[in-house]
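Please read the structure below before turning to the comments.
Order of the sequence lines sets the chain letters (A, B, ...), proteins ahead of strands, with each chain counted from 1. The figures that follow rest on heavy atoms only: side chains count, while hydrogens, waters and symmetry mates do not.
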Amino acid sequence: MNFREPWPAGAEEATALQSRLRRSVTRTGPAVPEIRRLAGLDVTYSKDDDRLIAAVVVLDAATLEVQDVVVHEAKPRFPYLPGLFSFRELPPLLAALEKVDHLPDLLMCDGHGIAHPRRFGLACHLGVVTQIPTIGVAKQALIGTYEEPGPSKGDRSPLTDQGEVIGSVLRTAAQVKPVFVSIGHMMSLEVACEVTLNSTPRYRIPQPIRLADQTSRRTLKSPQTYLVSDPRPPDGYQSRPA
DNA sequence: GCGACAG
DNA sequence: ATCTTGTCGC
């Protein structure tokens, strides 16, 4: 899944592309026991320059044992605009995914899935492009209305927009603010919530995303940790001779 | 027009 | 998102 494809030049093109791609999103997928490998994805940005680091952490869905960690450094190809988030983070995340040895059965994204104005957030885009089931877990709502969920871990309330349930406001731990779970592609909301809870043993943020966040952040500060292992073509090498 | 607005 | 240590409280 290379991504040197044409990329939308602005908001107009990007919005049009979302409206077209949204039609291929499906809302049913694997059951919890069938999800063996779970990946968390995140991107960290530098304040000094225009570098960004994408990280993918693959873990055993049952034990949460880390199986693989990959990072990728790149430059932004699109600005951050609410509702067009995927055009900023998709390219680096796909590049990082290409470095993973064994592809996971589920991708957990730091952002929304269908809980989006056009029902096509980052998790949907990533799922449609990779054809891997995806779910979105966001710390803040983008759209929708909801009631405060109960105080215990597992308590949830529907996130609604235009009379449609677009996600769940889920309490992942007691005494913490809830997170916003929505399906990306090839996934049901019920399974999405269960997997999220199963992968959140202690803190507010699910372990896969939390580890991806830490990995990308630490790599930006100390590149040698993971970036040294990045395969790099020799100087002057032309991967695709002109 | 005003406020809101994933990361 | 990014700038940032310790500290207060469950």
Pick base, sugar-phosphate or nothing for A/Ser46, based on heavy-atom distances below 4.0 Å to the nucleic acid. nothing

If you look at every strand shown and take non-hydrogen atoms under 4.0 Å, does A/Gly136 touch a base, only sugar-phosphate, or nothing? nothing

Just checking A/Leu220: base, sugar-phosphate only, or nothing, at a heavy-atom cut-off of under 4.0 Å? nothing

If stacking means aromatic ring centre less than 5.5 angstrom from the base's six-membered ring centre, planes under 30°, is A/Tyr80 stacked on C/dA1? no

Would you say B/dG7 has OP1 or OP2 under 4.0 Å from some side-chain N or O of A/Lys139? yes

How do A/Asp48 and A/Gln175 order along DNA chain C: which one's closest nucleotide is nearer the 5' end? A/Asp48

Quick one: do the A/Thr44 and A/Ser216 side chains pair a donor with an acceptor below 3.5 Å? yes

Between A/Tyr226 and A/Glu73, a side-chain donor and acceptor under 3.5 Å: no

In terms of relative ring orientation, are A/Tyr80 and A/Phe85 parallel, tilted or perpendicular, with 30° and 60° separating the classes? perpendicular

Can the positive tip of A/Arg210 be found less than 6.0 Å from the middle of the six-membered ring of A/Tyr203, inside 45° of the ring normal? yes

A/Phe85 CZ to B/dG7 P, straight-line distance once rounded to whole Å: 7 Å

Classify the nucleic acid contact of A/Leu52 as base, sugar-phosphate or nothing, counting any heavy atom under 4.0 Å across all strands shown. nothing

Grab the CD1-C1' distance between A/Ile209 and B/dG7 for me, whole Å please. 12 Å

Kindly write out the residues that satisfy salt bridge (Lys or Arg N to Asp or Glu O under 4.0 Å) with A/Lys139, not counting sequence neighbours, or none if the list is empty. A/Asp110

A/Ile114 atom CD1 is separated from B/dA6 atom C1', nearest whole Å, by 15 Å

To the nearest angstrom, the NZ-C1' distance between A/Lys177 and B/dA6 comes to 13 Å

Distance check needed: B/dC5 P versus A/Arg118 CZ, whole Å only. 16 Å

note: A/Gln140, atom CD; C/dA1, atom C1'; distance rounded to Å ~ 13 Å

Find the distance A/Leu159:CG to B/dC5:P and express it as a whole number of Å. 13 Å

Whole-Å distance separating the CG atom of A/Asp213 from the P atom of C/dT2: 7 Å

Determine the contact category for A/Ala174: base if any of its heavy atoms lies under 4.0 Å from a base atom, sugar-phosphate if only primed atoms, P, OP1 or OP2 are that close, otherwise nothing. nothing

